[in-house]
2 protein chains.
Amino acid sequence: MQLRMTNQREIILQELQKSGKHLTADELYDRVKKSMPRISLATVYRNLETLSKTGVIAKLEISGRQRRFDYDASEHDHIYCVQCHKVDNVELDREVIGYSSTISAQGYKITGYRLELVGICPVCRKNNQKRGE
Amino acid sequence: MQLRMTNQREIILQELQKSGKHLTADELYDRVKKSMPRISLATVYRNLETLSKTGVIAKLEISGRQRRFDYDASEHDHIYCVQCHKVDNVELDREVIGYSSTISAQGYKITGYRLELVGICPVCRKNNQKRGE
DNA sequence: CTTAGTGCAAACTGTTTGCAGAGGG
DNA sequence: CCCTCTGCAAACAGTTTGCACTAAG
């Protein structure tokens, strides 16, 4: 199966990349609709699926009910704001999770891990301070 | 609001605990139905919600489309089998994730983290070997 | 031309909710 | 008795899919 670079696919990818955020399908849909009003949400879903399968973007397993997509497909971790549900990238030393000894005891073959930091983002912290929390 | 220990709630809790697994609402529903056939899935959801809010069990943010519930409410991490989608508990040194320096640079206040190891469980590994993979 | 991709609507999955009635304390 | 909890059905949110048509290469 070979890929075609359709107009839709191109704009979806561009919008995700230029957002610099970890958008959900419908957040991206809203953005893309501005330059392509007749695009359908299904197309956005299909393209996000395709683009993540080919490794151009990454599909995130992250907190919250909606799936999010990352313009950056390289390995890195995420931090999640419990207040505004925003997600940011975090660069951590991935070697630190070299627990193989502990883990192999349980008989698992470790292939990777997902680390999600949880906290409150700068914007929310500032807002909280204003309200004296 | 005070809690009542209804028959349903008791059986739901017992079944989750005696399973020793990280069940989804409908897996638990199937088990509970055996001793209480007229129970409804909504009741299972409502009780899992209540029990996790009161800290008796834990609601997991984990890979996969379905939410899972943990009979063990204490802080610990999980390991996820990519083949059979089973989840197990893992005890790791939680202090290792003391990255505050790196992270606070981004202005986040870290309140916790979720670490999910990903791999292949003993059972699946054995099955793979049989098939010569 | 060929066949991957699209828009639309309808289906599907997991979860939540309104309501009238049941039962725990 | 009160009020939390239940069963049921219907609603909901997010995602996927079947189909006939469009357009990329």
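Everything numeric here is computed off the predicted structure, so don't read it as measured data. We name chains A, B, ... by the order of the sequence lines, and we start the count at 1 in each one.
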- Query: To the nearest Å, how far apart are B/Asn7 CG and D/dG7 C1'?
  - Reply: 15 Å

- Considering just the side-chain nitrogens and oxygens of B/Tyr45, establish if one lies under 4.0 Å of OP1 or OP2 belonging to C/dT15. yes

- Query: So among A/Lys21, A/Gln17, A/Glu15, which one has a side chain to side chain contact (heavy atoms under 4.5 Å, CB included) with A/Ser19?
  - Reply: A/Lys21

- Query: So, the side chain of B/Arg114 versus the backbone of A/Val118: is there a donor-acceptor pair under 3.5 Å, distance only?
  - Reply: no

- Of the listed C/dT15, D/dC5, C/dG5, the closest approach to the A/Arg9 side chain comes from C/dG5

- Using a heavy-atom cut-off of under 4.0 Å over every strand shown, decide if B/Ile39 touches base, sugar-phosphate, or nothing. sugar-phosphate

- Task: For D/dT6, take OP1 and OP2 only and decide whether either is under 4.0 Å from a side-chain N or O of B/Thr6.
- Result: yes

- Side chain of A/Met5: nearest nucleotide among C/dG5, D/dG25, D/dT16? D/dG25

- Are B/Tyr80 and B/Val90 joined in one hydrophobic group, where the rule is that I, L, V, M, F, W and Y side chains link up if heavy atoms are under 4.5 Å apart? no

- Residue A/Arg38, side-chain atoms from C-beta onward, closest of C/dT6, C/dG7, D/dT6: C/dG7

- Find the distance B/Lys33:NZ to D/dT6:C1' and express it as a whole number of Å. 16 Å

- Item | DNA chain C: 5'-proximal contact among B/Arg46 and B/Arg67 (nearest heavy atom) | B/Arg67

- Message: Is there a side-chain contact between A/Arg4 and the phosphate of C/dT3, meaning an N or O under 4.0 Å from OP1 or OP2?
- Response: no

- Item | Donor-acceptor contact below 3.5 Å, side chain B/His76 vs main chain B/Asn89 | no

- Item | Atom-pair distance (NE2 on A/His85; C1' on D/dG14), nearest Å | 16 Å

- Task: Inspect the contact between B/Arg31 and B/Glu27 and indicate whether a charged nitrogen and a carboxylate oxygen are less than 4.0 angstrom apart.
- Result: no

- Query: Which nucleotide in the list D/dG14, C/dG5, D/dG25 gets nearest to the side chain of A/Gln66?
  - Reply: D/dG14

- Message: On the side chain of B/Arg65, is there an atom forming a donor-acceptor pair with the base of C/dT13 - under 3.5 Å, no angle test?
- Response: no

- May I ask you to verify if any side-chain N or O of A/Asn47 is less than 4.0 angstrom from the OP1 or OP2 atom of C/dT6? yes

- Task: Provide, to the nearest angstrom, the distance between the CG atom belonging to B/Leu3 and the P atom belonging to D/dT6.
- Result: 10 Å

- Listed nucleotide nearest any side-chain atom of B/Thr43, set C/dT17, D/dG7, C/dT6: D/dG7

- Measure from CG on B/Leu23 to P on C/dG14 and round the result to the nearest Å. 15 Å

- Task: Round to the nearest Å and state the distance from A/Leu41 atom CG to C/dC8 atom P.
- Result: 11 Å

- Item | B/Arg68 side chain to B/Leu60 backbone, donor-acceptor under 3.5 Å | no

- Item | Between C1' of C/dT13 and CD of B/Glu27, the distance in whole Å | 15 Å

- Message: Measure CD/A/Glu49 against P/D/dG14 and give the value in whole Å, please.
- Response: 17 Å

- Item | B/Gln8 side chain, from C-beta outward: closest of D/dG7, D/dC2, D/dG25 | D/dG7

